[in-house]
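Report on the structure given below.
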Number of protein chains: 2
Amino acid sequence: MSRDTSKPRHHHGDLRNALVQAGIDLLEDGGIEALTLRKCAARAGVSHAAPAHHFGGLPGLRAAIAEEGFRIFSSYMQEARRQGDPSARGQLKSICRGYLRFGLDHAGILTVIFGNQGLASLVPGRNQETADAYQILREVCAPFVPEGGHCRVIEFQVWSLIHGFTLLCLAGEFGPPRQALETGVFDQVIALLEHLGPPDPALRS
Amino acid sequence: MSRDTSKPRHHHGDLRNALVQAGIDLLEDGGIEALTLRKCAARAGVSHAAPAHHFGGLPGLRAAIAEEGFRIFSSYMQEARRQGDPSARGQLKSICRGYLRFGLDHAGILTVIFGNQGLASLVPGRNQETADAYQILREVCAPFVPEGGHCRVIEFQVWSLIHGFTLLCLAGEFGPPRQALETGVFDQVIALLEHLGPPDPALRS
DNA sequence: ATATCAACTTGACACCGTCAAGTCCTTCAT
DNA sequence: ATGAAGGACTTGACGGTGTCAAGTTGATAT
């Protein structure tokens with residue numbers, strides 16, 4: 001027996017998650033401008049002020065979506081590492097490719113994650129998924145850290161390069177975004193990574 | 001004899017430029033969220049619908065601001081090239097530094113220029129200032145293009161690296177943004193450029 | 001059975017972008 | 001000089017938005 005839906009129900013049960021999912025759907029459909037507290041509420045079938053109750057306001061909703069978005073991002077990174085050539089360079093190339101693919105697949109989520117005030121302010125102290133994604137970057141970069149060098153430098157270099165490339169692709173600066181993955185432009189750009197310090201011989205393919 | 005300001009004047013004379021400047025001021029003060037047609041109008045002392053008359057709507061205002069913003073960006077690039085070490089690598093480092101400095105000085109403008117839909121859609125066919133800024137990048141990258149290589153590849157690599165680093169700095173991913181310029185982190189990151197192809201001997205310092 | 005309290009609704013407010021209609025002022029043809 | 005034309009700007013209205021205060025519902029604890 002299904003519940004009566006003709007009258008407003010006051011305990012949705014899982015409204016918070018439903019609102020986050022509704023927000024992600026709006027984001028994927030209409031971009032960052034379409035993400036609205038009231039539209040989230042309407043899509044979840046609740047009153048217009050319900051989201052504010054759970055998230056405090058629009059920034060809170062964005063933070064919750066960023067958290068979930070990072071979970072998706074992390075899954076892209078893990079999948080990329082699984083699929084990539086097992087060599088150190090193959091792994092690095094593959095996660096860069098995964099980064100770009102995530103950006104093209106989920107441009108709106110990327111905007112929310114790294115948008116405006118940045119992740120740092122959205123999710124103070126980070127969360128598990130953030131740490132997971134960054135850990136993958138660390139691991140894949142590790143073989144390229146020169147003896148006595150700072151691992152952060154390599155990570156920052158790789159992160160900056162692929163992040164910038166992804167955003168400029170989305171902005172259309174390199175031509176039609178989808179084309180970037182299919183043509184060789186992407187491979188040529190990350191070819192710069194070939195010039196990184198010599199990978200650990202133990203991990204060389 | 002100054003004009004009567006007690007009654008609304010219907011021909012401002014230079015309202016379009018005044019509105020763009022008001023918009024830039026709003027952007028610098030309160031970030032991208034503070035850029036509003038009505039606030040622009042108020043700051044310029046005109047009615048709330050005046051901006052729409054000149055720019056068609058909010059996207060049009062953003063496009064006009066992006067155009068002016070690119071002029072500022074271009075001046076940063078030119079100044080950087082003037083100040084940099086005259087060697088090919090010194091020039092490259094200096095314009096990267098100029099890019100980052102522009103981002104830190106004018107985060108809101110950077111957001112408008114490369115935000116969301118990207119410059120490509122904002123200024124179809126680009127304009128002179130856009131071409132100027134890109135020309136500087138091309139010139140500074142030229143010595144690093146390997147024989148028979150595609151110059152676009154080097155340009156895309158450099159652009160991606162510095163763009164990504166700037167945005168991640170602004171997002172706070174590398175710690176307090178201002179610190180990035182002062183400490184050596186920035187130099188370490190763009191040290192990746194040291195691995196670019198050998199500069200033209202004629203331009204080597 | 002009753003009190004408590006979180007979950008959600010309702011209603012209001014100010015601000016926003018946009019549109020239609022109106023007013024002012026310049027310019028240009030006569 | 002005069003009048004038509006039209007651009008520059010105003011006024012007023014509309015629906016959508018975030019946020020707040022107050023109310024209502026329903027599960028839970030006593």
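Chain identifiers are assigned alphabetically (A, B, ...) following the order of the sequence lines, protein sequences preceding nucleic acid strands; residue numbering begins at 1 within each chain.
Salt bridge status for B:E68 with B:R16: absent, with no side-chain N to carboxylate O gap under 4.0 Å.
Between the CG atom of B:L15 and the P atom of D:dT10 there is a distance of 8 Å, given to the nearest Å.
Checked against salt bridge (charged side-chain N to carboxylate O under 4.0 Å, His left out), B:E79 has the following partners two or more places apart in sequence or in another chain: B:R82. Applying the ring-ring contact (aromatic ring centres under 6.0 Å, His included) criterion to A:H48, with sequence neighbours excluded, gives no partner residue. Taking the ring-ring contact (aromatic ring centres under 6.0 Å, His included) definition, one finds that A:F156 meets it with B:F174, sequence neighbours left out. Remark: B:R138 engages B:E155 in a salt bridge (charged side-chain N to carboxylate O under 4.0 Å, His left out) (not counting sequence neighbours). For A:D105, the side-chain contact (heavy atoms from CB on, under 4.5 Å) partners two or more places apart in sequence, or in a different chain, are A:Y76, A:R101, A:R178. For B:I136, the side-chain contact (heavy atoms from CB on, under 4.5 Å) partners two or more places apart in sequence, or in a different chain, are B:M77, B:Q78, B:R81, B:I95, B:V140.
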At under 4.0 Å between heavy atoms, which parts of nucleotides 11-19 of chain C does protein reach? Answer with one letter per nucleotide, 5' to 3': B base, S sugar-phosphate only, - none.
BB---BBBB

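For DNA chain C, none of the residues of residues 16-26 of chain A falls under the heavy-atom distance limit of 4.0 Å.
Close to D:dC9, at under 4.0 Å from its OP1 or OP2, lies no side-chain N or O of B:H53.
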Side-chain atoms of residues 20-32 of chain B: list all donor-acceptor pairs with protein atoms under 3.5 Å, sequence neighbours left out, distances to 0.1 Å.
residue : atom : partner : partner atom : Å
B:Q21   : NE2  : B:D25   : OD1          : 3.2
B:E28   : OE1  : B:H106  : ND1          : 3.3
B:E28   : OE2  : B:H106  : ND1          : 2.8

